[in-house]
Colleague: 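Structure in structure tokens, see below.
One is the number of the first residue; the rest follow in order along the sequence. Everything numeric in this text was worked out from a predicted model, so none of it was measured. Order of listing sets the numbers, starting from 1, for every ligand and every atom in it.
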Amino acid sequence: MDERHPLIGLSTTELRSALAAAGVPEKAAPMRARQLWNWIYVHGARDFGAMSNLAKEFRALSADTFSLARPEIVSEQISNDGTRKWLLRSGGQEFETVFIPEPGRGTLCVSSQVGCTLNCRFCHTGTQRLVRNLTPGEIVGQVMVARDRLSDWPSTGESRRLTNVVMMGMGEPLYNFDNVKAALAIVADGDGLALSKRRITLSTAGVVPMIPRAGAEIGSALAISLHAVRDEVRDVLVPLNKKYPLAQLLGACRAYPGLSNARRITFEYVMLKGVNDSLAEARELVRLIAGIPAKINLIPFNPWPGAPHECSDWAQIEKFAEIVNRAGYASPVRTPRGRDIMAACGQLKSESLKQRASERMAEFRSAELVRMPS
Ligand code: SAH
């Protein structure tokens with residue numbers, strides 16, 4: 001066990017306190033914190049020894065006291081379309097992160113939880129029960145790992161590969177609000193990872209009471225997993241709708257701060273054959289979002305073993321898209337990326353299970369037995 005204090009994921013204030021606690025004089029702490037921040041988040045330093053502009057004693061103290069460890073990479077898969085998926089492990093649990101390269105940009109799809117509570121019918125992650133929330137360090141750590149593997153340091157480079165972050169991996173980010181907020185503040189910090197809030201999109205299945213807080217306190221772009229235009233259908237596809245029905249959800253969207261044509265809400269709509277893909281539903285969609293600056297991402301359903309749905313026919317997707325588009329909304333049909341490595345939207349899942357307290361106890365006891373001299 002590494003007993004050193006992890007620095008990745010600490011806010012600047014927390015970093016200063018950690019330095020003070022390690023004995024760095026109060027006057028020097030703010031400057032030391034700034035220097036460390038720059039090494040960690042601009043240069044991706046993994047080793048205090050390499051921080052050449054810091055005094056030797058301070059480097060030695062830091063190396064003894066602090067850790068720059070990222071989540072461990074369990075596996076890396078590369079799709080034939082260039083998409084990369086990493087299975088990461090931290091604190092004994094596993095979660096996935098996906099990098100999607102596109103011409104002129106690269107998007108990292110970041111997880112916020114191990115597993116998920118929401119059970120959306122068409123989503124593979126929904127078949128994995130919630131194990132736990134990820135910490136700020138584990139969320140920021142996904143960006144660090146991606147930049148390490150892509151050789152994408154410094155983060156401020158002109159031709160950096162990772163340009164956007166979407167909170168669209170495993171989990172519901174608004175059910176892990178505090179940790180997601182803390183992590184995104186670090187990701188967006190202009191003196192560090194420097195991905196501006198406009199390049200960060202948080203996607204929610206519709207945790208309505210948290211949407212105003214997301215707008216006020218996180219301030220990223222917002223995406224809504226809409227997927228249906230009538231409550232009867234959405235209740236089945238996204239069971240959270242029973243708690244927060246469409247009228248409430250769209251009300252929260254209308255009130256989201258800072259919306260304009262340049263800052264639109266993205267509505268995600270998974271195309272499920274015979275379930276939500278009729279042209280009448282396309283027209284209803286347009287009525288429903290009237291007045292909201294919006295873009296509609298039509299996502300062809302990505303299959304997974306045992307999934308209860310099929311993807312709509314391509315011709316139907318195109319007709320649906322045309323109706324939305326004619327009404328004045330951008331309605332790109334998302335090209336599925338990374339399907340061959342189960343990295344596409346809604347395909348992520350890990351083997352981690354929530355242990356019952358009794359199981360944890362049993363493991364603890366057997367470990368004790370091993371350690372105890374007979
Ligand atoms: N909790 C977040 C997760 C985002 S996942 C949220 O609900 O917004 C990114 C998008 O992929 C979501 O809109 C999600 O509903 C959608 N999705 C899930 N499973 C899918 C699948 N099998 N095929 C296509 N899209 C899927």
Colleague: For the residue pair F301 and H309, categorise the inter-ring angle as parallel (less than 30°), tilted (30 to 60°) or perpendicular (more than 60°).
Modeller: perpendicular

Colleague: Are side-chain N/O atoms of S350 and E96 paired as donor and acceptor at under 3.5 Å?
Modeller: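 No, E96 and S350 have no side-chain donor paired with an acceptor closer than 3.5 Å.
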
Colleague: Are the side chains of D277 and L272 in contact, using a 4.5 Å heavy-atom criterion?
Modeller: no

Colleague: With a 4.0 Å heavy-atom cut-off (strictly under), which part of I224 contacts ligand 1: side chain, backbone, both or neither?
Modeller: neither

Colleague: Note the single closest protein heavy atom to atom 26 (C) of ligand 1, along with its residue, its atom name and the distance in Å.
Modeller: C345 O, 3.7 Å

Colleague: For atom 18 (C) of ligand 1, state which one of G346, C120, G169 supplies the nearest heavy atom.
Modeller: G346

Colleague: Between N302 and ligand 1, which residue portion shows a heavy-atom distance shorter than 4.0 Å: side chain, backbone, both, or neither?
Modeller: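 Near ligand 1, N302 shows its backbone as well as its side chain.
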
Colleague: Can you list the ligand 1 atoms lying under 4.0 Å from a non-hydrogen atom of I299?
Modeller: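 Reading through ligand 1 atom by atom, the close ones are 24 (C), 25 (N).
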
Colleague: Once the angle between the rings of F48 and F66 is folded into 0 to 90°, is it parallel (under 30°), tilted (30 to 60°) or perpendicular (over 60°)?
Modeller: tilted

Colleague: Considering all heavy atoms of both residues, which atom of A321 and which atom of S331 are nearest to each other, and what is their separation?
Modeller: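 A321 and S331 have their closest heavy atoms at O-OG, 3.0 Å.
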
Colleague: Is it true that the side chains of Q113 and R132 contain a donor and an acceptor less than 3.5 Å apart?
Modeller: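 Side chains of Q113 and R132: no pair found under 3.5 Å.
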
Colleague: For ligand 1, does E268 get within less than 4.0 Å through its side chain, its backbone, both, or neither, judged by non-hydrogen atoms?
Modeller: side chain

Colleague: What protein heavy atom lies closest to atom 5 (S) of ligand 1? Include the residue and the distance to one decimal.
Modeller: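 I find the closest protein heavy atom is M168 O, 3.3 Å.
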
Colleague: If two hydrophobic side chains count as joined below 4.5 Å and joins carry through other members, does I100 share a cluster with I341?
Modeller: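 The answer is no; the residues belong to distinct hydrophobic clusters.
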
Colleague: For ligand 1, which atoms sit closer than 4.0 Å to a heavy atom of W304?
Modeller: 22 (N)

Colleague: Atom 17 (N) of ligand 1: which protein heavy atom is closest, and how many Å away?
Modeller: F122 CE1, 3.8 Å

Colleague: Counting from 1, what ligand 1 atoms have a heavy atom of V270 closer than 4.0 Å?
Modeller: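 Matching atoms, with element in brackets: 23 (N), 24 (C), 25 (N).
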
Colleague: Which heavy atom of the protein is the closest neighbour of atom 14 (C) of ligand 1, given with residue, atom name and distance?
Modeller: H227 NE2, 3.7 Å

Colleague: Going by the order shown, which atoms of ligand 1 are within less than 4.0 Å of some heavy atom of C123?
Modeller: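 Taking each heavy atom of C123 in turn, ligand 1 has 18 (C), 19 (N) under 4.0 Å.
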
Colleague: Quick one: which of G126, P336, S225 has a heavy atom closest to atom 13 (O) of ligand 1?
Modeller: S225

Colleague: Indicate yes or no: at least one non-hydrogen side-chain atom of T201 is less than 4.5 angstrom from one of N164.
Modeller: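 A side-chain contact is absent here, since even the closest heavy-atom pair is not under 4.5 Å.
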
Colleague: Tell me the nearest of C311, S203, A205, G171 to atom 1 (N) of ligand 1, using heavy-atom distances.
Modeller: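 Answer by nearest heavy atom: G171.
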
Colleague: For residues M342 and Q77, determine if any side-chain heavy atom of one lies less than 4.5 Å from a side-chain heavy atom of the other.
Modeller: no

